[in-house]
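Encoded as structure tokens, the structure appears first; notes follow it.
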Amino acid sequence: MPTLSVFMDVPMMHKLEGTLLKTYKQDDYPDKMFLAYKVCMTNEGQPWVSLVVNKTRLQIAQDPSLNYEYLPMIGMKSFIQASLELLFGKYSQAIVENRVGGVHTVGDSGAFQLGAQFLKTWLRDAQVVCMISTQKEPYGIVFQDMGFTVYEYCIWDPKHLCMDSNIFLDVVEQMPRDCILVIGNITDCKWTQSQLAKLMLTIKNKRIFPFFDIPCQGLSTGDLEEDAEILQYFVSQGFEFFCSQSLSKNFGIYDEGLGMLVVATLNNQHLLCVLSQLMNYTQALWLNPPARGARIITSILCNPALQGEWKQSLKEVVENIMLIKEKVKEKLRLLGTPGSWDHITEQTGTHGYLGLSHQQVEYLIKKKHIYMPKSTRINFTCINASNIDYITQSINEAILFTKNSEKHLQDVNDH
């Protein structure tokens, strides 16, 4: 008699990988292009890894004195200290006062998972999470699974082709009291002093709890301090908050997937209490974090010469990204492509918006085999000397085609 499986009613989950990537893989066109990879790419089309990481990885692998015992639940303490100094600055007053700390986390969403668990238990009045970023973020599902009501907002203004800090302020002003504000990568959002003062006052008056995301410090502007400026401003103003600090992208160790849940409190006593509760949650989530990635990063950050090499590699990547953007803008100008393309170079970091319409994106995918999200937020490191001409000519072609289609439709309607 056949045995019935306990899993017989479990359906197949269809979106295990992105629909866009799946479509791209199924395309048999030999010169197809995918401009939506998450990782920073080299000119050869391979994931970027800082050279100093490769060197450090080899040194660690050959070190016979290493102890391979489990790490403590909080993680590698030297890694936590080095990461905090990277985020806030070595001589940060908050570090001196011992009111910031962290827990070594696993994966890109580990800090959000850990933080959401804590907030669900200890911020009992917080039922709503508002997420503000330059794009749709993947960690909204973490808060949804914890039972929060999640609202997502994008500060990219597609009409004016810029990041708009007023959108940010409007969202915060409309948020309910006692909720959680998740602040994504908003490096390109420029603030006036009066706007910042208004933001701080609103957050204080509404008792909003900030939860930052610092996904790739140093890869936006090339300046580690500038990329964490908003966070440093909050801590200098005495705010309490959480922060997800990812350290995979800016070192190029994507397969390690590690970071920290950073905690900022009013004093050391509060910090110790929060960290003790967080360690209780790590027992259920992963117990002990993996050590290899943390060893690599700690070795680099704690050695001035290696840290200098790493910082230089970040600057070189950012300079290359800006050069790519300048070339794309100039080639579109020389082609006589309609519209202004200044917004391409006004955005920092590996990813940015092209500002195309959905119809133009569809043309690029179907006719030119160039794959990008409907939002047109592409990874500019996917563009290199071997494909830039084809990509810019295709963008020009897509825009001209859609404009001619619109004109033809208008002529038909007029008759």
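Only a predicted model underlies this, so the values are computations on that prediction, with no experimental measurement involved. Quick note: residue numbers are just sequence positions, from 1.
- Counting only residues at least two apart or on different chains, the side chain to side chain donor-acceptor pair (under 3.5 Å) pairs with a member in residues 179-189 are N185-T187, D188-T348.
- When side chains are defined from C-beta on, V182 counts as touching Y139, because their heavy atoms get closer than 4.5 Å.
- Distance alone, capped at 3.5 Å, places no donor-acceptor pair between the N54 side chain and the L51 backbone.
- Q217 places a side-chain N or O within 3.5 Å of a backbone atom of L86 that can act as its donor or acceptor partner.
- With contacts defined as side-chain heavy-atom distances shorter than 4.5 Å, the pair I80/I74 qualifies.
- For the salt bridge (Lys or Arg N to Asp or Glu O under 4.0 Å) test, no residue two or more places apart in sequence or in another chain qualifies with K374.
- Among residues two or more places apart in sequence or in another chain, the salt bridge (Lys or Arg N to Asp or Glu O under 4.0 Å) test is passed with R377 by none.
- Using a 4.5 Å heavy-atom cutoff, the side chains of I253 and L258 are in contact.
- Proximity of L224 to L314: side-chain heavy atoms (C-beta onward) are separated by under 4.5 Å at one or more points.
- There is no side-chain donor-acceptor pair under 3.5 Å between E326 and T345.
- If you check the side chains of K311 and Q307, you find a donor sitting under 3.5 Å from an acceptor.
- Ring geometry for H343 against W341 counts as tilted: the plane angle lies between 30° and 60°, on a 0 to 90° scale.
- Between the side chain of S220 and the backbone N or O of C216 there is no donor-acceptor pair closer than 3.5 Å.
- Atom CG of D108 is separated from atom OG1 of T105 by 9.0 Å, given to the nearest 0.5 angstrom.
- Looking at E240, its side chain does come within 3.5 Å of a backbone N or O of L266 through a donor-acceptor pair.
- Few gaps surround OH on Y153; more than 12 heavy atoms of other groups in view lie less than 6.0 Å from it.
- Salt-bridge formation is not detected for the pair K327/E330: no Lys NZ or Arg NE/NH1/NH2 atom is positioned less than 4.0 Å from an Asp or Glu carboxylate oxygen.
- Not a single ring pair (Phe, Tyr, Trp, His ring centres under 6.0 Å) links W286 to another residue, sequence neighbours left out.
- The shortest side-chain heavy-atom distance between V129 and C179 does not fall under the 4.5 Å cut-off.
- By the 6.0 Å contact criterion, CD on Q269 is open, its count of non-hydrogen atoms from other residues, nucleotides or ligands being 12 or less.
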May I have the step-by-step check of side-chain contact (heavy atoms from CB on, under 4.5 Å) for K190 and Q195, ending in yes or no? CA-CA 10 Å; K190 305 305 177 190; Q195 283 178 320; over 6 Å; no
Check against salt bridge (charged side-chain N to carboxylate O under 4.0 Å, His left out), K55 and E309: CA-CA 11 Å; K55 183 165 64 175; E309 282 186 55; 3.0 Å; yes
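- When atom types are taken as modelled, the side chain of H351 and the backbone of Y37 share a donor-acceptor pair closer than 3.5 angstrom.
- One distance of note links CG of N250 with SG of C40; it measures 10.5 Å at 0.5 Å rounding.
- Residue Y70 places its OH atom among 12 or fewer non-hydrogen atoms of other residues, nucleotides or ligands, all under 6.0 Å distant.
- R295 places no side-chain N or O within donor-acceptor distance of the main-chain N or O of T56, the cut-off being under 3.5 Å.
- With sequence neighbours left out, the salt bridge (Lys or Arg N to Asp or Glu O under 4.0 Å) criterion links E97 to R99.
- Side chains of T42 and Q46: no donor on one and acceptor on the other come within 3.5 Å.
- Cation-pi geometry between K120 and F148 is met: under 6.0 angstrom from the ring centre, within 45 degrees of the axis.
- Counted by atom type alone, T402 and Q360 present one or more donor-acceptor pairs between their side chains at under 3.5 Å.
- No close placement of the W191 and Y233 rings is indicated, their centers lying 6.0 Å or farther apart.
- With sequence neighbours excluded, no residue forms a ring pair (Phe, Tyr, Trp, His ring centres under 6.0 Å) with Y390.
- Between V317 and L219 the shortest side-chain heavy-atom distance falls below 4.5 Å.
- Here the CZ-OG1 distance, from F242 to T265, works out to 10.0 Å after rounding to the nearest 0.5 Å.
- Counting heavy atoms from C-beta outward, L35 and I370 have side chains that approach closer than 4.5 Å.
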Which is it for F118 and L261 under the side-chain contact (heavy atoms from CB on, under 4.5 Å) test, yes or no, and what are the steps along the way? CA-CA 11 Å; F118 177 92; L261 174 63; over 6 Å; no
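- Between E173 and K198, at least one side-chain nitrogen of the basic residue sits less than 4.0 Å from a carboxylate oxygen of the acidic one, meeting the salt-bridge criterion.
- A distance-only check finds no donor-acceptor pair linking the side chain of S248 to the backbone of Y254 [under 3.5 Å].
- Under the 3.5 Å distance criterion, the side-chain polar atoms of K325 are left unmatched by any main-chain donor or acceptor of F380.
- Atoms NZ and CG, from K77 and L71 in turn, are 11.5 Å apart once rounded to the nearest 0.5 Å.
- Taking a cutoff of 4.0 Å between a charged side-chain nitrogen and a carboxylate oxygen, E256 and R57 qualify as a salt bridge.
- In this structure, K204 is positioned above the aromatic face of F239, its NZ or CZ under 6.0 Å from the six-membered ring centre and within 45° of the axis.
- Looking at D170, its side chain never comes within 3.5 Å of a backbone N or O of S165 through a donor-acceptor pair.
- Aromatic ring centres of F241 and F211: separated by at least 6.0 Å.
- A distance of 6.0 Å separates OH in Y363 from CZ in F401, rounded to the nearest 0.5 Å.
- The number of heavy-atom neighbours closer than 6.0 Å to NZ of K32, taken from other residues, nucleotides and ligands shown, is above 12.
- Heavy-atom contacts from other residues, nucleotides or ligands closer than 6.0 Å to CD of E225 number 12 or fewer.
- Looking at D223 and T221, their side chains never bring a donor and an acceptor atom within 3.5 Å of each other.
- Under a 3.5 Å cut-off, the side chain of T149 and the backbone N or O of V128 do not form any donor-acceptor pair.
- A side-chain donor-acceptor contact under 3.5 Å links H369 and D27.
- Both tests do not hold together for R292 against F79: distance to the six-membered ring centre under 6.0 Å, angle to the ring axis within 45°.
- Environment of NZ in K136: sparse, with no more than 12 heavy atoms of neighbouring residues, nucleotides or ligands closer than 6.0 Å.
- More than 12 heavy-atom neighbours from other residues, nucleotides or ligands sit within 6.0 angstrom of CG on L272.
- Y281 and Q113 share no donor-acceptor pair across their side chains, judged by distance under 3.5 Å alone.
- No more than 12 heavy atoms of other residues, nucleotides or ligands shown are found within 6.0 angstrom of CZ on F7.
- Annotation: side chain of W48 is not in contact with side chain of V39 (no heavy-atom distance under 4.5 Å).
- If you take SG on C243 and CE on M260, they are separated by 8.0 Å, rounding to the nearest 0.5 Å.
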